[in-house]
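Note that ligands are numbered from 1 as they come in the structure, with each ligand's atoms numbered from 1 the same way.
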Amino acid sequence: YTNLVLILALDAILILGVVLVFRNVRKEVKLAQNKSEFISNVSHEIRTPLALISMFAETLELGRVPTEEKKKEYYSIINKETQRLTGIVNKILSFSQMDAGKKRLSFESVNLKQVVENVLATYEYHLEKEQFIIQTELAEANINGDKDALTELLINLIDNAIKYSDKSKRIEINLLKKEGKAMLAVKDYGVGISKTDQKYIFDKFFRVSTGDLAKKQGTGLGLALVKQIVDAHNASIELKSDLGKGSTFIVSFPLEKVNNG
Ligand code: ADP
């Protein structure tokens, strides 16, 4: 009888082992696929601004610009595209540093509301131009965190909310305190994410590759970076999304322990 139990137990362990190995292999294959797509995405992402910069710089150099106004416009395109390139490169650098565990975060008391307000101020011009409505409800909440990393986290979530908003053009940002946590929610009413894709959304290099989404540019690193920053802050992130209705990303940070002594 004992032998039978032993054999059954060994069998179960064997089967579990095979299943785990199989799962791992499948995950690796998926990652390799995502990675090769990443390289082609990034090459494309970099090539487009480079082509524009080169074209407008050449036109300016050859003195083929008829008016001062046009000149200004071309300089402004060069500037914008350069910023875009810088943004892509910074994102890749940040991600790889975090991924290799090389990024040193410096933790201090951070007023999260202020971080949100500072980030939103940088979007003001763009959002107004694109006629986005952005609604905020922000409570005072202090957490122990790295201000730059938190800024990066927020920028990635807001960039995505804008990018995947489609026609709705409405974003809500809420910060509230609940059960010892500071909960930061970024909500959009855009394209949404299917239940299947939700499982992979925080994986590095993952991008939704179907429908209109495939046409949007991106690296597939934004949310992986967000997840790294969340983990470094002992926080958690939750996604609520319905295809075609929109997405809400909620990050819960432990509130800073107030020393009343
Ligand atoms: P990307 O550079 O492709 O935007 P991310 O890592 O930021 O990379 O996001 C991964 C994928 O998750 C995106 O390609 C997109 O399909 C999906 N996604 C992210 N945020 C949203 C959102 N707010 N609404 C719908 N889809 C989203």
Side-chain angles (χ1 to χ4, degrees), residues 27 30-31 33-49 81 83-99 116 119-120 123 126-127 130 132-136 149-174 184-232 237-251:
K27 213 173 164 169
K30 180 136 183 71
L31 197 63
Q33 266 171 8
N34 287 346
K35 200 169 183 171
S36 100
E37 273 166 31
F38 164 76
I39 292 171
S40 106
N41 281 337
V42 167
S43 312
H44 187 75
E45 282 262 294
I46 291 178
R47 212 164 52 178
T48 315
E81 294 303 320
Q83 279 172 14
R84 202 166 116 195
L85 270 182
T86 312
I88 296 166
V89 173
N90 282 346
K91 197 186 265 192
I92 296 173
L93 269 178
S94 273
F95 173 82
S96 73
Q97 281 176 341
M98 285 288 266
D99 206 36
V116 178
V119 169
L120 281 179
Y123 278 96
H126 175 75
L127 290 177
E130 300 287 321
F132 260 90
I133 295 173
I134 192 148
Q135 203 175 43
T136 58
L150 291 168
T151 301
E152 211 161 3
L153 174 148
L154 205 61
I155 288 177
N156 274 292
L157 291 181
I158 298 176
D159 274 352
N160 280 347
I162 295 172
K163 187 154 80 171
Y164 301 109
S165 252
D166 208 20
K167 291 185 197 90
S168 92
K169 299 205 172 215
R170 179 190 180 82
I171 293 168
E172 287 163 22
I173 300 180
N174 288 328
L184 176 67
V186 178
K187 184 181 176 92
D188 67 67
Y189 294 87
V191 294
I193 303 161
S194 74
K195 293 279 173 276
T196 324
D197 286 334
Q198 284 180 30
K199 280 187 253 165
Y200 307 110
I201 213 81
F202 296 104
D203 288 358
K204 55 183 167 190
F205 313 128
F206 177 80
R207 308 197 66 222
V208 175
S209 53
T210 48
D212 286 346
L213 276 189
K215 289 184 219 132
K216 297 276 178 196
Q217 300 210 329
T219 56
L221 287 184
L223 286 181
L225 181 61
V226 165
K227 182 70 171 60
Q228 287 169 335
I229 296 170
V230 163
D231 289 345
I237 185 159
E238 189 193 348
L239 164 63
K240 289 183 184 157
S241 185
D242 283 308
L243 207 55
K245 291 192 181 143
S247 313
T248 312
F249 288 86
I250 306 164
V251 189

Item to complete: Classify the contact between Leu221 and ligand 1 as side chain, backbone, both or neither, using a heavy-atom distance cut-off of under 4.0 Å.
Response: backbone
Discussion item. Any heavy atom of Gly190 closer to ligand 1 than 4.0 angstrom?
Written reply: no
Worksheet item: Taking the non-hydrogen atoms of Asn156, is any one of them nearer than 4.0 angstrom to ligand 1?
Response: no
Worksheet item: Is there at least one pair of N or O atoms, one from Arg207 and one from ligand 1, spaced under 3.5 Å apart?
Response: yes
Item to complete: Could you tell me whether the side chains of Asp159 and Tyr164 share a donor-acceptor contact shorter than 3.5 Å?
Response: no
Worksheet item: Aromatic rings Phe202 and Phe249: how do their planes relate, parallel, tilted or perpendicular, breaks at 30° and 60°?
Response: perpendicular
Worksheet entry | Contact check: Gly220 vs ligand 1, nitrogen or oxygen atoms, below 3.5 angstrom | yes
Worksheet item: Between Thr219 and ligand 1, which residue portion shows a heavy-atom distance shorter than 4.0 Å: side chain, backbone, both, or neither?
Response: both
Item to complete: Please say whether Leu223 places an N or O atom under 3.5 Å from an N or O atom belonging to ligand 1.
Response: yes
Worksheet item: Does ligand 1 have any atom that is closer than 4.0 Å to a heavy atom of Phe202?
Response: no
Worksheet item: Is there a nitrogen or oxygen of Gly222 sitting under 3.5 Å from a nitrogen or oxygen of ligand 1?
Response: yes
Discussion item. Quick test of your reading of the model: are Lys195 and Asp242 salt-bridged, counting only N-O distances below 4.0 Å?
Written reply: yes
